[in-house]
Amino acid sequence: MREKRRWRKTDIAAEFSHPLPWRKIEAEGLDCDYALLFSKDEADRLFKQLEEEVEYFTEEKAQVRVFGKLHSIPRKQATYGEPGLMYSFSGVQHLARPWTPTLDYIRDAVTEATGRTFNFVLVNRYKDGHDHIGEHRDDEKELDPGCPIASVSLGAARDFVFRHREARGPGPRRHIDPVKLELAHGSLLLMNQPTNTHWYHSLPARKRILSPRVNLTFRRIVSQGQKEQRPSQ
DNA sequence: CGCACGTCAACCCT
DNA sequence: TAGGGTTGACGTGC
């Protein structure tokens with residue numbers, strides 16, 4: 001999706017043999033691109049491999065305190081990436097495990113499709129429609145602000161909802177319609193700037209869904225040192 | 001350094 | 001079953 005890039009022969013071959021039809025998703029301050037990245041057969045294979053490879057955090061590490069009470073988060077999480085990378089979310093620092101072969105493969109496919117490189121992935125596994133995630137923004141300060149977040153979905157298709165920050169909560173300042181889409185098996189959703197500063201997103205519960213979904217959000221993390229030297233990119 | 005602000009999931013109700 | 005309001009301790013930033 002990056003316009004200015006140097007073309008290599010392999011890129012051109014890949015581009016003409018597998019042209020990805022992107023669907024643009026736009027609203028005030030929201031800019032996303034959606035495409036089917038993998039065929040059903042390939043997505044099936046990748047999902048099965050990830051189910052064998054990915055090692056999720058244990059329950060005690062994945063607890064959150066809400067209104068004084070501790071709750072287990074309604075999903076499983078894991079982090080992978082370049083050795084030594086740390087990432088903090090929900091108030092906990094996580095050390096990235098080294099890339100697995102399947103995560104390697106998917107990361108390269110995303111790079112091929114977008115012209116972007118990533119050094120980290122957060123894996124979220126929703127075992128069925130009861131598992132979900134509440135409204136949030138991916139606005140961690142260690143993220144490279146110039147790099148989109150690339151979200152790959154495998155397994156059960158799930159609804160995905162964006163809501164503008166000024167149109168949520170009690171007494172919303174403005175009325176802005178939420179943006180809803182279904183994330184299909186094998187799909188890729190690119191969240192470009194400045195989407196994550198103005199819009200929250202969530203994966204709401206869908207109780208009729210009985211099968212699991214695995215979501216991979218590829219990111220570019222800037223280390224503190226790099227950030228001080230140059231604005232980067 | 002003290003205070004304002006944002007966050008997270010479950011429960012209840014419609 | 002979906003969606004919206006309601007519940008506070010704690011971390012972060014100004």
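In the text below, chain A, chain B and the rest are named by the order of the sequence lines, each starting its count at 1.
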Taken to the nearest whole Å, NZ/A:K141 to P/C:dG11 is 14 Å
What is the distance from CZ of A:R137 to P of B:dG6, rounded to the nearest Å? 9 Å
Assert: residue with more 5' nearest nucleotide on DNA chain C, out of A:R163 and A:H130, is A:H130
State whether A:R65 places a side-chain N or O below 4.0 Å from either non-bridging phosphate oxygen (OP1 or OP2) of C:dC10. yes
Is a salt bridge present between A:D138 and A:R219, judged by a nitrogen-to-oxygen distance below 4.0 Å? yes
Ignoring backbone atoms, establish whether A:K69 has a side-chain N or O less than 4.0 Å from OP1 or OP2 of B:dC11. no
In whole angstroms, how far is the P atom of B:dA9 from the NE2 atom of A:H136? 9 Å
Close approaches to DNA chain C from residues 207-219 of chain A, in residue order (heavy atom, under 4.0 Å): A:K207, A:R208
Carboxylate-amine/guanidinium contact A:K40 A:D44, below 4.0 Å: yes
Rounded to the nearest Å, what distance is computed from the CZ atom of residue A:F67 to the C1' atom of nucleotide C:dG5? 11 Å
Distance below 4.0 Å between A:K180 side-chain N/O and C:dG3 OP1 or OP2: yes
Could you state the CG-P distance from A:D131 to B:dA10, rounded to the nearest angstrom? 9 Å
Output all residues satisfying ring-ring contact (aromatic ring centres under 6.0 Å, His included) with A:F160, sequence neighbours left out; order by chain, then residue number. A:F162, A:H201
Does A:R75 put a side-chain nitrogen or oxygen below 4.0 Å from OP1 or OP2 of B:dC8? no
Parallel, tilted or perpendicular: which one describes the rings of A:Y105 and A:F38, with boundaries at 30° and 60°? parallel
Could you tell me whether the phosphate oxygens of B:dT7, OP1 or OP2, come under 4.0 Å of any side-chain nitrogen or oxygen in A:Y200? yes
Using whole Å, what does the distance between atom P of nucleotide C:dA9 and atom CD of A:Q63 come to? 17 Å
For A:D159, check salt bridge (charged side-chain N to carboxylate O under 4.0 Å, His left out) against everything at least two apart and list the hits. A:R206
Salt bridge present between A:E182 and A:R158 (N-O < 4.0 angstrom): no
Has A:R137 got a side-chain atom pairing as donor or acceptor with A:T197's backbone, closer than 3.5 angstrom? yes
Over all strands shown, is A:P74 touching base, sugar-phosphate only, or nothing at heavy-atom distances under 4.0 angstrom? sugar-phosphate
Of the listed B:dC8, C:dG4, B:dA10, the closest approach to the A:H71 side chain comes from B:dA10
Can you check the A:D138 CG to B:dG6 C1' distance for me, whole Å? 15 Å
In this structure, how many angstroms lie between the C1' atom of B:dT7 and the CD1 atom of A:I73, rounded? 14 Å
A:R168, nearest nucleotide to its side chain (from B:dT7, C:dG13, C:dA2): B:dT7
